[in-house]
Structure formats: C-alpha cells, structure tokens
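Below is one structure, written out as structure tokens; comments come after it.
FYI, side chains are in, hydrogens and waters are out, and symmetry mates aren't considered; it's all heavy atoms of this structure.
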Amino acid sequence: MEKDTVERLQDLENEVSALRAKVNYLAGKVEDNGINEETNINADNSNPKDKLNNYKPKTRFPAVDFSVKEGLEQLIGGKVLNRLGIVILLFGTAYFLKYAFDNQWIGEIGRIIIGLVAGMGLMIAGDMLVKRKYHFFSQGLTGAGIAVIYLTAYAAANLYDIFSPAIALGLLVLTAVAGGLLSVRQDAFAVAVLSTLGGFMSPFLIGSDSSNTLFLFSYLAILDFVVLYLAFHKNWCSLNFLSFIGTALAYTAYNVGGYSDTYMNQVFLVLYFVIFGALAFLYNVRHKKATTLPDILLMSLNAGFFITATIENLFKYSDMHGLITVLLASVYLVVSLTLHKRGLGDNQLFYSMLGIGLTLVTVAIPLQLDKEWCNIAWAVEALVLVYGGLKNENIWVSRSGVAVLVLASMYQFSLYVSKLYPVINSYSISFLLITAGFFFTYYMFNRSNHVDRKIAWPAAVYGVILTLKYISWEVINVINYFELSFDERFAISLAWVAIAVVLTVFGVIKDNKGFRFISFGIFGIVLCKILLLDLSMLTVALRVMILLIMGAILVGVSFVYQRDEKKVEK
C-alpha cells in the first residue's frame, strides 16, 4: 500500500515538473513578444487581474489601416472638388466674358483669340502639372482646355462667322488629336472621353456643310484613328464603344438628311469597318490578353452596322447584296483562320470571328436566293458544318450546323405550293434535302464520341416528322397534279403506313430499337386516324380495303417479331 502511495507521489511530482517547464517556456515566449519584468504577472504580490488589465504588449502588427477612409477623402477632396471647381470656374469665366461682350469691352475677334489662348494655356498648364504628380488637378485643367477650344470653335463658326466650317473642323481635329495624345501621356481616361465626345459632337455644333461628304467623313475617320491609337496603348473599351456609336450616329444623321454619295459612302464604310474591326482585338493580340464579352460585342455590332449600312447604301444593286454579305463573311473566316494558324489571339477570338462569319453566310443565302433555293443552300451549309464540326471535334461548329438545319426546316414549313411536277421540283428537293440532313445528323452524332451525342435521337425523330409532312404534301400534290379521283386522307394514311413499315424493316435489319419504337408510334397514330376520321369519310369499299391492308400489315409485323424471337430461343 505504502509502495503504491510512493509511486503515485512520484508520478505527481513528475507531472508538476513538466507543467513548470511548460510555464517557463511560455513565459519566455511572452517576454520575446514585449512583456518585460514589470508586466510579469508573478513579478510581485499584486492582484493578477490588475496586471492583466494593465498589460500592454509591444505588438509587431501594423497600426489600424485607415486607407478606405483616406481613399474616400482623397476622392472627394482631390477629384470631385477639382471637377466641381473647374466647372464653376468655367461658368464664372463665361459670365464674365458675357458681361464684357455685352458691354463691348472685347470685340468678336478678341473673344475668339481669348478663347483659343485660354484653352491652349489650360491644356499646357495641365500637362505641366502632371510632372509634379497633381494627377486629378492636371486632368481637370486639360479637360477644361479642350472644352474651351471646342466652344470657341463653335462660336467662331456659328455665331460670328469668323471661321469657315472647314477651318473650324480642322481646329477641332487638332484639338481631338492633342487631347488623345495628352490622355495617353497623362494616363487620363477622363481626358480621352472628353476629347472623343467633343470631337463627335463638333459636326453637329459647327453646323458644317453636310453636302461635303469627303470632308465630313474624313473628319470622322481621323477621330476613329485617334481612338484606335488610344486603344492600341490603353484599351479603354468604353472609349471604343463611344467612338463606334458616334461614328454610326453621325453617318446615319448625314444620310437621313438627304445627302448621299453612294461610292464615297461605301469607301468610308469600309474604312470604318476596318478601324473598328481592329479595335475589337488589336490590343488583345498585341498584349496577349484574353478576348472579353465587350470585344465580341464590338465585333458583332461592327459587322451588323457595316452590312446594314452597305445594303442601304447599295439598295440599287439588290442582286449583289448576297454576294457582298458572303464577301464580308469570307473576311471574318480568313482572318480568324489566319490568326489561329499563327497563334495570335485566344480560342475565344477565333470562335467568335468564325461564328460571325458563319452567321453572315447564313444571312447571305436568303438575300441572294429565293424561297426553296434558299432552303437548299441552308441545308447544304448545315450538312457541311455538322460534318466538319464533328470531324474536327469542334462542338460549336457542329451545333451551328444543327441550328441552321432547324432554321431551314422552319422556313420550309412556312412555304406551301401546289400542282408542281411530282418529286422533280425545287420544293421537293429542298424538303428532301432538309429531311435527309436530320437523318445525316443522327448518323454522324450517333457514331461519334462527341459530347453532344444526345442530339442524335431528337434529330432522328424530327427527321421522321419531316418525312411524314413531306409524304403528305407529295401525295396531295400527285392527286391534284394528275387530277386523280382518290381520297386524299386515305392516300395519306396508306403513305404513313408505308413509312412505318420501312422504319420497322430498317430497325429489324440494323437491330435498332429506337426506329422500331418510332414505327410503333406511327402505326398507333395511323390507326387512330383511320378509326376516328378516315372511316367516316370513306365509302364502304374503301373502308374494307383500308382495314384489310392495315390488318395485314400489323399481322405481318407481328410475324416478323415472333420469327426473330424463335431465332433467339434456338
């Protein structure tokens, strides 16, 4: 018993020694973090709670970050107040000048000189202050200088007739170019926006002679080149859209005004298309950046505006609209393949340009061809896209082919013609080609390891529906063309039964359960149609005939199934 007690005391002493060692270790850690002897809880006999309450370690962590508060203060004090101050100064200066003008202190020429000198002075002062790191203040002065020159040119041309429209626009071009250069130099997006916005507003403010196509469109092209330069260095996407919208509105307003020069218009439309086409991806290719949604949107808008404006401009040449659209599509396809081959740009850029090109090809078909021939071309295009997409394992190309095929089928449903020579006519050819296209789509998707293999059976079912639709139309067309005294409903029912038999045979030969089930569905539909509709409209002889034929076919199908079942058992 005593021996056990001694062993327990020994164990307890060992545990106390271990705990003491841990306490000493932790005390050393606390001292390393800034607790001196005066702050040691066990340094004297004072209350430990007081020691803990008065404990203030020397922390190594940084002070509280007030960057959010300082950033807000800097935003308000450095930027917002600067912009407000500049606007107030402009208003004050305008009121002073108005007072001076009203009292004839300054003549008209003097007013223009003051405006130009003041604008240039503000721009120079703003550029000088950039070197001293007064970024917000310098941008405000530069923007104010650009605005003063724009307003001065407007007054000189519209109010005082001192400048001709040509001189005023020339001055504005120089101002826009200077503003673009300063925005890059100062890294000032606000200056670039003001320069661009003022530049596109100038033709409306100046009120220049709109019949001068060359001058006005050249001015717009210079502004677009300035934005192209800015995009090359800065890629300010919103500036690209601002320039595009300004160009489109100015061009549209010019043509709505009744002024039109077909050939000159087309030359500048091509120039604008090239500029904005480059804007959409030039910066990304140069700096190896990913293509973004705004880039794709600009490419799409550029293509849409160009083809729409071109068709409107060349409305006299309607027989060439489809060819022009195909040429534009070829540009997108060639550029996309060239960039992809040379490793320029990312896959998003390649697929986007490829998609725009294919869309333009699809749009070109109805512009150039009529009715059924349009559908034939769409069907051929769809088959090429489906085949090419699956062979090259390109999911988007194959999907676009299916979409074009669906579009062609919907358009086919909207057409209806009668009394054509059976089978050998454009309507029948387009219908057969589209229907075959869906079965081809089923075949290609079903035999591939493509991720979209699930498209196969919907394509097959839709192909069967198109087959029934076509057979029904062809039966009616044959009866009408040859003026046969045969009931159309009865003939359609027999034709549908024939399709069901063909699908059954195909399903049995190829051991394809899906087509067999489709044939069962057709048999069921035909049976309901006969019993509920056809019999009430037929003579007794025809009723007997159709019932015998239908019964014989169903018995024959059941016999085939029983024979195959016996083969399996053996």
Problem set entry | Leu360 side, atom CG; Thr325 side, atom OG1 - distance, nearest 0.5 Å | 7.0 Å

Exercise. If only atom types and distance count, is the side chain of Asn480 paired as donor or acceptor with the main-chain N or O of Ile476 below 3.5 Å?
Worked result: yes

For this session: Using distance alone, with no hydrogens and no angle criterion, decide if Ser472 and Trp496 have a side-chain donor and acceptor under 3.5 Å apart.
Result: yes

Exercise. Is a side-chain N or O of Ser336 found less than 3.5 angstrom from the main chain of Tyr332, in a donor-acceptor match?
Worked result: yes

For this session: State the CD-CG distance between Glu312 and Asn265, to the nearest 0.5 angstrom.
Result: 10.5 Å

For this session: Side-chain contact test, heavy atoms from C-beta onward, threshold under 4.5 Å: evaluate it for Ile311 versus Ile324 and give yes or no.
Result: no

Exercise. Is there a donor-acceptor contact under 3.5 Å from the side chain of Asn375 to the main chain of Ser430?
Worked result: no

Exercise. Hey, are the side chains of Leu349 and Met353 touching, using non-hydrogen atoms and a 4.5 Å cut-off?
Worked result: yes

For this session: Check for a donor-acceptor pair, side chain of His340 on one end and backbone N or O of Asp346 on the other, with a separation under 3.5 Å.
Result: no

Exercise. OG/Ser398 to CG/Leu385 distance, rounded to the nearest 0.5 angstrom?
Worked result: 9.0 Å

Problem set entry | Phe439 vs Leu466 side-chain heavy atoms within contact, under 4.5 Å | no

For this session: Taking the side chain as every heavy atom from C-beta outward, state whether Leu503 and Phe523 have any pair of such atoms under 4.5 Å apart.
Result: no

For this session: Give a yes or no answer on whether the side chain of Trp457 reaches the backbone of Gly514 with a donor-acceptor pair at less than 3.5 Å.
Result: no

Problem set entry | Any donor-acceptor N/O pair, Ser409 side chain to Val406 backbone, under 3.5 Å | yes

For this session: Find the distance between CG (Leu220) and CG (Leu271) and round it off to the nearest 0.5 Å.
Result: 10.5 Å

Exercise. Just how far is it from atom CZ of Phe305 to atom CG of Leu301, taken to the nearest 0.5 Å?
Worked result: 11.0 Å

Problem set entry | Heavy-atom pair with the smallest gap, counting every atom of Leu328 and Ala303 | CD2-O, 4.2 Å

Problem set entry | Any donor-acceptor pair under 3.5 Å from Lys529 side chain to Arg489 backbone | yes

Exercise. Going by heavy atoms in the side chains, are Ile296 and Ser300 under 4.5 Å from each other?
Worked result: yes

Exercise. Which atom names give the shortest non-hydrogen contact between Ile365 and Ala377, and what distance separates them?
Worked result: CG2-CB, 3.5 Å

For this session: Indicate yes or no: does Arg516 engage Asp511 in a salt bridge with an N to O separation below 4.0 Å.
Result: yes

Exercise. Can you name the salt bridge (charged side-chain N to carboxylate O under 4.0 Å, His left out) partners of Lys469, sequence neighbours left out?
Worked result: none

For this session: Would you mind reporting whether Met320 and Leu314 have side-chain heavy atoms less than 4.5 Å apart?
Result: no

For this session: Would you confirm whether Asn284, through its side chain, and Gly345, through its main-chain N or O, come within 3.5 Å as a donor-acceptor pair?
Result: no

Problem set entry | Crowding at OH, Tyr421 (>12 non-hydrogen neighbours, <6.0 Å) | no

Problem set entry | All salt bridge (charged side-chain N to carboxylate O under 4.0 Å, His left out) counterparts of Asp319, not counting sequence neighbours | none

Exercise. How about Phe515 and Tyr442: are their ring centroids closer than 6.0 Å?
Worked result: yes

Problem set entry | For the student: nearest non-hydrogen atoms of Ser519 and Ala500, plus distance | CB-O, 3.4 Å

For this session: Could you tell me whether Tyr263 atom OH has more than 12 heavy atoms of other residues or ligands within 6.0 Å of it?
Result: no

Problem set entry | Any side-chain donor near an acceptor of the partner, Ser428 and Asn425, under 3.5 Å | yes

Problem set entry | Verdict with reasoning, Phe281 to Thr291, per side-chain contact (heavy atoms from CB on, under 4.5 Å) | CA-CA 7 Å; Phe281 66 87; Thr291 302; 5.8 Å; no

Exercise. Going through the checks in order, is the side-chain contact (heavy atoms from CB on, under 4.5 Å) test met by Ser243 and Phe276?
Worked result: CA-CA 9 Å; Ser243 179; Phe276 290 108; 3.7 Å; yes

For this session: Count the heavy atoms of every other residue, nucleotide or ligand shown that sit under 6.0 Å from CZ of Phe350, and state whether that count exceeds 12.
Result: yes

Exercise. What's the verdict on side-chain contact (heavy atoms from CB on, under 4.5 Å) for Ile492 and Leu468, showing C-alpha distance, side-chain angles and the deciding distance?
Worked result: CA-CA 9 Å; Ile492 291 175; Leu468 297 177; over 6 Å; no

For this session: Step by step, work out the ring pair (Phe, Tyr, Trp, His ring centres under 6.0 Å) result for Phe217 and Tyr251.
Result: CA-CA 8 Å; Phe217 285 177; Tyr251 175 87; 5.5 Å; yes

Exercise. Is any side-chain heavy atom of Val464 less than 4.5 Å from a side-chain heavy atom of Ile522?
Worked result: yes

Exercise. Using 30° and 60° as the class limits, which term best fits the ring planes of Tyr427 and Phe431: parallel, tilted or perpendicular?
Worked result: perpendicular

For this session: Verify whether the ring centers belonging to Phe306 and Tyr272 lie closer than 6.0 Å.
Result: no

Exercise. Which heavy-atom pair separates Glu381 from Leu358 by the least distance, and what is that distance?
Worked result: OE2-O, 3.6 Å

Exercise. How far apart are the closest heavy atoms of Gly246 and Phe200, and which atoms are they?
Worked result: C-CD2, 3.6 Å

For this session: Working to the nearest 0.5 Å, report the span between CG of Asn302 and CD1 of Ile307.
Result: 11.5 Å

Problem set entry | Donor + acceptor pair across side chains of Thr292, Asp295 (<3.5 Å) | yes

Problem set entry | Asn313 side-chain N/O to Thr262 backbone N/O, donor-acceptor pair under 3.5 Å | yes

For this session: Over 60° means perpendicular and under 30° means parallel, so classify the ring planes of Tyr283 and His287, tilted if in between.
Result: tilted

Exercise. Just by modelled atom types, is the Val423 backbone N or O under 3.5 Å from a matching donor or acceptor in the Glu474 side chain?
Worked result: yes

Exercise. Would a 4.5 Å heavy-atom cut-off, applied to side chains only, mark Ile465 and Phe438 as touching?
Worked result: no

For this session: Grab the two heavy atoms, one from Ile434 and one from Leu405, that are nearest each other, plus how far apart they are.
Result: O-CD1, 4.2 Å

